[in-house]
Structures are given as C-alpha cells and as structure tokens.
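Since the structure comes first, as structure tokens, the remarks are kept for the end.
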There are 2 protein chains.
Amino acid sequence: MSIKFAILVALSEGPKSGYDVAKHFDQSVGFFWHARHSQVYRELGKLRDNGLAVSEEIEQSGKPNRIVFTITDNGREALLKWSREPTEPMEIKDNFLVQLYGIENIDIEGLRANLTLRLESHRDRHSQYAAKHQALENGGTLADLGHQLALEVGMRWEREWEDWCTIALERLSPQAISKLTNVVPIGNKTPGHTA
Amino acid sequence: MSIKFAILVALSEGPKSGYDVAKHFDQSVGFFWHARHSQVYRELGKLRDNGLAVSEEIEQSGKPNRIVFTITDNGREALLKWSREPTEPMEIKDNFLVQLYGIENIDIEGLRANLTLRLESHRDRHSQYAAKHQALENGGTLADLGHQLALEVGMRWEREWEDWCTIALERLSPQAISKLTNVVPIGNKTPGHTA
DNA sequence: ACTCCATATTGCAATAGTGGAATATATATG
DNA sequence: CATATATATTCCACTATTGCAATATGGAGT
C-alpha cells in the first residue's frame, strides 16, 4: 500500500526519472521504505495512470530517453489525505530473533558469528544515518526538521542493536552458556555439564 | 524465505496444528515474524511436502479434524543449517517516517494525532514484551536465555519509540513549528510568520 | 582490447503476504 | 432466541516485492 507514498514523497522534492528515484531514494526516503528499481518503475507508471504524477519524455542520444515524473496537485492532495489517517506501527520481522527464539535447535557458534557480523552492519548504518543527520544540524526549515526526526529514529534503532549485540555476545559466550541448567546445545562445541 | 523457519521454530517446541501455530504464535516467535492463518496453513503444507514435518489427522466430532504437525529430523537439520548462514538485518519500513520525510506536503495536525496514537501503541507493546520477559526472570535454561534476549530487542525498540514520540511531539508542537524559518505549512492551522 | 560501471527503461516469472468467504458445531453472552 | 466467539481447515483472488534478463552506449580503469 505504500511504496506509492514513498515515491510520491520523493517526487514532492522535485521531478525525477525512475532512475533518479531508484538511485537517490536510497539516500533519503528510501531509508524508511525501500524498493528495487523494477518496483519503482511500475509504481511510477501507476501514479501516472492515477493522475498523481505526470511524465515527460526527454530525448537523449546514446542512452534511452529519460522519462521524468512530476507530482501533480492530485498527488499532493493524496499525500495530505494519507497523512490524516492513522498509520500502523511497523512490525518487527527479523530472522535473527527467530533463531534466538529457536535457540535449542540452532548452531550457537553460527549465532555468535552472525552477531558479530550484524554488530558491524549496525555500526555502518548508524554512521550513515548520523552523517545525514549531521549535515542537517544547521538547517532550520520544516523539511529539515522532518528529516532530522526520521533519521533520529534510524539512529536510535541502530544504536540499540549495537548495544544489544555486545550484550548478547557476552550472554551467549561459551563460558556463559556452560553455566546454564539443562544444557545440551546442539551444534555447539562447548562441553556443557550434562545431567 | 522465512515464515518457513518461524513455523519450524514453533514446531520445534512441540507438535502443533495450524490453528495452534496461528494462535499461540502471536505470543511467541510470531512477535518477530508474524503471519496470518492462511499463510500458516499453506506453509505447513509445504513443510510436509518437503519432509521437514509430518502430519497426523486427529479425529474430532463437531469440529473439523485437527491436523497435527511434528517437526522431523530433516526439519531440525534445516534449522541448524539455516543458522549457520548470515542473516540480513531487517530494514525499517514505516509509513510514519515516510510522512516525516515528506513533511512539507503533509498535514501536521494529522502527524501529531498519529504520534499520540502511536505513543499509546508502543506503550502497549512494550508492556506485552515486558510481561513475557518478566515471566522468564528465574529461568536458567538455554531456551529461556534465547527468549529473553529476543524479547529484550523488542523492549528496546518500543522504549525508543516511546521516548522519540514524546520528543517529536514537542519538536512538532505549534509553538516549535512557528519558530522555524521558511514555514508555509500545508494543512496546518498555525499561522507561521511567512516571509 | 577488455572489462566494468553508469546511464535508463521494460518485462516477466516467482515468492511472500493479505483478506475474505465458505463450512460446521459447541458454548457462552445478552 | 439471537448473536457472538472459539474451534479448525481450505481455497482463492489480490497486492506487494524480488530478482533477473534484455537492450544500448559512452567513459573509466587495467
């Protein structure tokens, strides 16, 4: 229901081709609702069909022509209307947490390896958000405020994951695991003191 | 790719019918990878087709027969194998953040209303996770540790949203908005001091 | 010279997930 | 007595999203 609006938001910042959306998206609204290029092109077509955007073909030589989309008044109306309805909070959907939930049938060595990898990737993302955020620190417009607030959610999320990964690595260390009761960890090399 | 594993994890705790999975799921693994009943039944069928679970029909009168699924050794193998591969960190996908990103074309009154609603819902979820977490506080098994850690991610997530909503409500208050430069907020009743 | 990358769009098969209807009965609530 | 809710499964249409291949060319790197 809503890549539609993410793209509309992207267009609201200025006319863009599908290529533009797909590319610069990932550095802005796309942080909070991502899509692959094939979906972007399809959705742009729908926006045009529904009168929320208009398109204009721009001739180029050597490359396929650019098709530039511009948001219409109807498009802005749609955004406005959308923002007056309640939005569902997003659901957590994370493989790693599913694995934790099934820890008894999971390779704990693998879990630790994953944890280390993810710590890295959360750090990366955190600094990505932080960089964007810092670039806005002197901005005083409404748009800046919106971007700042959104990025702050991203930063909080990544920071929490970072903290949690560190703690989880300790709580899942071989030493810690070996102190648990009932331990017969499958796929885990640690010799737990079995009953 | 992975409601499959969430269901496998559910089955790993004991044999379950589709109805059981759909129902009790929401109080456990389903926190971290949810599915509607129609999908659950479909996936259970696939697990059986692929030999990761076996099913047994249990006669009942008055109600349709229960079809109880039990995880197989192949199923446990699949979980183990899965946990040795890296998992992608989940992506943020939140309508509300998209709206913030497009704040210039959004009804700020609506945004504030949404913010208030969400504050509520994050509080609810937080206490849901916290209750589950507290019930485990004396548990010392590996399974308990896994559940605790997973729930802690949920708690962190909800707590951060709670904090952030409160802060955002201040930063988006009519008074705060009116102090911004360049303000011609659409759909916002506040008389911004236009240039 | 060769390969890789950026530009730019289209199209399609496949997977993932939602939402609702249909079916059948027992029990609880008003 | 009517209505809702819990039990239990199946099926289907639909939306959402991914991933890949095809097409065409200019420029940068090795």
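Chain A is the first sequence line, chain B the second, and so forth, proteins listed ahead of strands; every chain is numbered from 1.
With hydrogens and angles ignored, a donor-acceptor pair under 3.5 angstrom links the side chain of B:His37 to the base of D:dT10. Scanning atom types as modelled, no donor and acceptor separated by under 3.5 angstrom connect the side chain of A:His34 and the base of D:dT18. In terms of polar N and O atoms assigned as donor or acceptor, the side chain of A:Arg42 comes within less than 3.5 Å of the base of D:dT18 in a complementary pairing.
Among C:dT10, C:dA8, D:dA8, the nucleotide with an atom closest to any side-chain atom of A:Ile67 is C:dT10. Side-chain proximity of B:Gln39 to C:dT9, D:dA6, C:dG17: nearest is C:dG17. The A:Lys46 side chain lies nearest to D:dA16 when the options are C:dA16, D:dA6, D:dA16. Distances from the side chain of B:Ser38 to the nucleotides C:dT9, C:dA16, D:dC12 place D:dC12 closest.
Distance B:His24 NE2 to D:dT7 P: 7 Å, rounded to the nearest Å. The distance between atom CD1 of B:Ile3 and atom C1' of D:dT18, rounded to the nearest whole Å, is 18 Å. Between B:Tyr19 atom OH and C:dT25 atom P the separation is 17 Å, expressed in whole Å. One atom, CD of B:Glu59, and another, P of D:dA8, lie 14 Å apart when rounded to the nearest Å. Computed from coordinates, the A:Asn50 CG to D:dT15 P distance equals 12 Å when rounded to whole Å. Between the CG atom of A:Asn65 and the P atom of D:dA24 there is a distance of 14 Å, rounded to whole Å. The CE-C1' distance, from A:Met90 to C:dG17, rounds to 16 Å in whole Å. If you measure from atom CZ of A:Arg66 to atom C1' of D:dT25, you get 16 Å, rounded to the nearest angstrom.
Residue whose closest nucleotide on DNA chain D sits further toward the 5' end, between B:Tyr41 and B:Glu91: B:Tyr41. Heavy-atom distances to DNA chain D give each of B:Phe69 and B:Lys93 a nearest nucleotide, and the one nearer the 5′ end belongs to B:Phe69.
Looking only at distances, no side-chain donor or acceptor of B:Ser55 sits under 3.5 Å from a matching main-chain atom of B:Ile67.
B:Trp164 contributes atom CH2, which lies 9.0 Å from atom CZ of B:Arg171 (distance to the nearest 0.5 angstrom).
For A:Arg36 and D:dT17, the shortest distance from a side-chain N or O to OP1 or OP2 is not below 4.0 Å. Between A:Trp33 and D:dT17 there is a side-chain N or O to OP1 or OP2 distance below 4.0 Å. Phosphate proximity of C:dA8 to A:Gln60: present, with a side-chain N or O under 4.0 Å from OP1 or OP2.
Each of A:Tyr41 and A:Phe25 belongs to its own hydrophobic cluster when Ile, Leu, Val, Met, Phe, Trp and Tyr are linked at side-chain heavy-atom distances under 4.5 angstrom.
No hydrogens or angles considered: a donor-acceptor pair under 3.5 Å links the side chains of A:Ser2 and B:Asn95.
Using cut-offs of 30° and 60° for the angle between ring planes, the B:Phe32 and B:Tyr129 rings count as parallel.
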